[in-house]
2 protein chains.
Amino acid sequence: MLDAITLTEAYNVSSLSDQAWISPPMNPELFKVACSNCNLRELCMPVGLQQAEMVKLDSVVSTRKRIKEGSHLFSHGDPFTTLYAIRTGYFKTSVLSEDGREQVTGFQMAGEIIGMDGIVSDQHHCNAIALEDAEVCVMPFENVEELSREFPVLQRHVHKIMSREIVRENGVMMLLGNMRAEERLAAFLLNLVQRLHARGFSQTEFVLRMTREEIGSYLGMKLETVSRTFSKFSEEGIIEVKQRNVKILNPDALKNIFTPQSCG
Amino acid sequence: MLDAITLTEAYNVSSLSDQAWISPPMNPELFKVACSNCNLRELCMPVGLQQAEMVKLDSVVSTRKRIKEGSHLFSHGDPFTTLYAIRTGYFKTSVLSEDGREQVTGFQMAGEIIGMDGIVSDQHHCNAIALEDAEVCVMPFENVEELSREFPVLQRHVHKIMSREIVRENGVMMLLGNMRAEERLAAFLLNLVQRLHARGFSQTEFVLRMTREEIGSYLGMKLETVSRTFSKFSEEGIIEVKQRNVKILNPDALKNIFTPQSCG
DNA sequence: TTCATTGTTTGATGTACATCAAAGAGCTTG
DNA sequence: CAAGCTCTTTGATGTACATCAAACAATGAA
């Protein structure tokens, strides 16, 4: 049954198409490198722009870039010059401790912006690695700042994106500092499915693009514990798992694990 | 011996004065509300500004505000309108889970900017609570954005501050996800002392402004574990602890705990 | 096809830290 | 100065998760 899950089953929401997800890597020459006719613009770009403004904003993006699965978009220590908007594919960002322990700091998908860790010291602090073949829009930070000065709405948008990242990380700190393994995984799955849904995919079925170990690193637990927790949810009939295919059978139960009701 | 620690022992570095730390709350009317003659400006404001530019930037700050120990500068859900630069005093920021667990997300001191969590959704996501009587500069975000459009150097500065926060939180994720209790506390103490040193205080002695419980919340451990770990460091001669007074006797040992050398 | 590799699952055992509990230290208040 | 806070320390015990280990599944190369 879960074998039947395919990305093409995802349905569309608003004007976002799932094209970007199911089509093979496109030849960038075939498509105008422009935000104004990008089907992800509602995720990357401020909303409510006039067409004319949008066209002016096209110049934030200089080029596109392909990244093969497993390779780095940027690495710790690389000079920072640009932000990236993910067009297709999936990334993880991570930091390494001195003695080589990896902490995954996030998983990013289409429409999300990465690279902001590099601004503070003009070099990247994280590694960004493609979890599948990916394509990103290169947005030189100079361009972003220049256009931000011209368009208050873009300026605010940039601030919001950075603030969102700060708030997201606050949430991860809560997970890591206060939650138990089951709560962490439940929160993770709910977050993932919610973001996928916003991109036009199913609310219930999806394919994990990361290993148990990467999930574990993100959630501060070992891969065995991730696996066991998946199995537990599965035994309880909350989810159906087959390798990386996940189907959420009882979202309310998941939410209940994540936010246990005080029984008062 | 540790009884002798007083803030007046702190020595000065560069042009930063410790005045702000030791003087009783000042009457705001006595001092011009201006960044251009603030002794913390090197922490809050971009460096390398001309005097004339600096004077123009004075208008980011609208007023100052006093916050009594234990009270909120802002709370989760409050409408966001302004950032705050801490002039004197100490804050903690925290988030609460649905069932009331607190996660301290940071401790902030003079010269640091707080409130950026509110930008993304126009309302605050954290609570900011004064750990001692404090004074902040109120910087309406409208002003910040307006002047940012005018001064690229301020614009870049704002971006750097937000990026720094993102990177800091990455580090906390590493602590929470991968480090053991001793490593966490060692990292915490080293970070604290480094920031205090940048403000003109001793590299070795300081007074904790937060409880064991708050430290524990930040570091994802229970107050008893914090206490035990302090005791352990103390027994090993690495630090001297008497209540909230801490003296670092062997900083290298602390660093070694934090970043264990691979014995290859 | 077989073999190797990589990722996943599951079981047995160990441990770092949490929890429970109680005493002590430093304050504030009357 | 005693009474009553809050915060801290320390000990005894419990447990959630890590670690170690081995089998299994999926994928891709030879």
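Throughout, protein chains are lettered first and strands after them, A, B, ... in sequence-line order, and every chain is numbered starting at 1.
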Would the distance check show the side chain of A:Arg209 and the main-chain N or O of A:Tyr90 forming a donor-acceptor pair, the cut-off being under 3.5 Å? no
Residues in side chain to side chain contact (heavy atoms under 4.5 Å, CB included) contact with B:Arg228, at least two apart in sequence or another chain: B:Glu224
Holding to side chain to side chain contact (heavy atoms under 4.5 Å, CB included), I want the full list of residues that pass it with B:Glu213, two or more places apart in sequence or in another chain. B:Thr211, B:Leu223
Give me the bend of the helix from C:dT1-D:dA30 to C:dG30-D:dC1, using the axes of the five pairs at each end, rounded to 10°. 40°
Given A:Asn178, which of B:Glu102, B:Arg101, B:Gln103 fulfils the side chain to side chain donor-acceptor pair (under 3.5 Å) condition? B:Gln103
Presence of salt bridge, B:Arg199 and B:Glu112, under 4.0 angstrom: yes
Kindly check if the number of other-residue, nucleotide or ligand heavy atoms within 6.0 Å of NE2 (A:His72) is above 12? yes
5' to 3' contact window, DNA chain C with chain A (heavy-atom distance under 4.0 Å): C:dG7 to C:dA12
Minimal heavy-atom distance between B:Val104 and B:Glu214, with the atoms involved, is CG2-O, 3.9 Å
Return the polar atom pairs (N/O with N/O) between nucleotides 6-8 of chain D and the protein under 3.5 Å, or none.
| from | atom 1 | to | atom 2 | distance (Å) |
| --- | --- | --- | --- | --- |
| D:dT8 | OP1 | B:Arg244 | NE | 3.3 |
| D:dT8 | OP2 | B:Arg212 | N | 2.8 |

With a non-hydrogen cut-off below 4.0 angstrom, is B:Arg180 in contact with a base, only sugar-phosphate, or nothing? sugar-phosphate
Per nearest nucleotide of DNA chain D, the residue lying toward the 5' end, A:Lys222 or B:Glu235, is B:Glu235
Rounded to whole angstrom units, what separation is found between the CD atom of A:Glu224 and the C1' atom of D:dC24? 15 Å
Locate the shortest heavy-atom distance separating A:Val241 from A:Arg212; write the atom from each residue and the value. CG1-NH2, 3.8 Å
What nucleic acid atoms does A:Gly216 come within less than 4.0 Å of, heavy atoms only: base, sugar-phosphate, or nothing? nothing
Which residues share a salt bridge (Lys or Arg N to Asp or Glu O under 4.0 Å) with B:Glu236, sequence neighbours left out: B:Lys232
Can you check side chain to side chain contact (heavy atoms under 4.5 Å, CB included) on A:Glu169 and B:Asn170, steps first, answer last? CA-CA 8 Å; A:Glu169 294 193 6; B:Asn170 283 172; 2.9 Å; yes
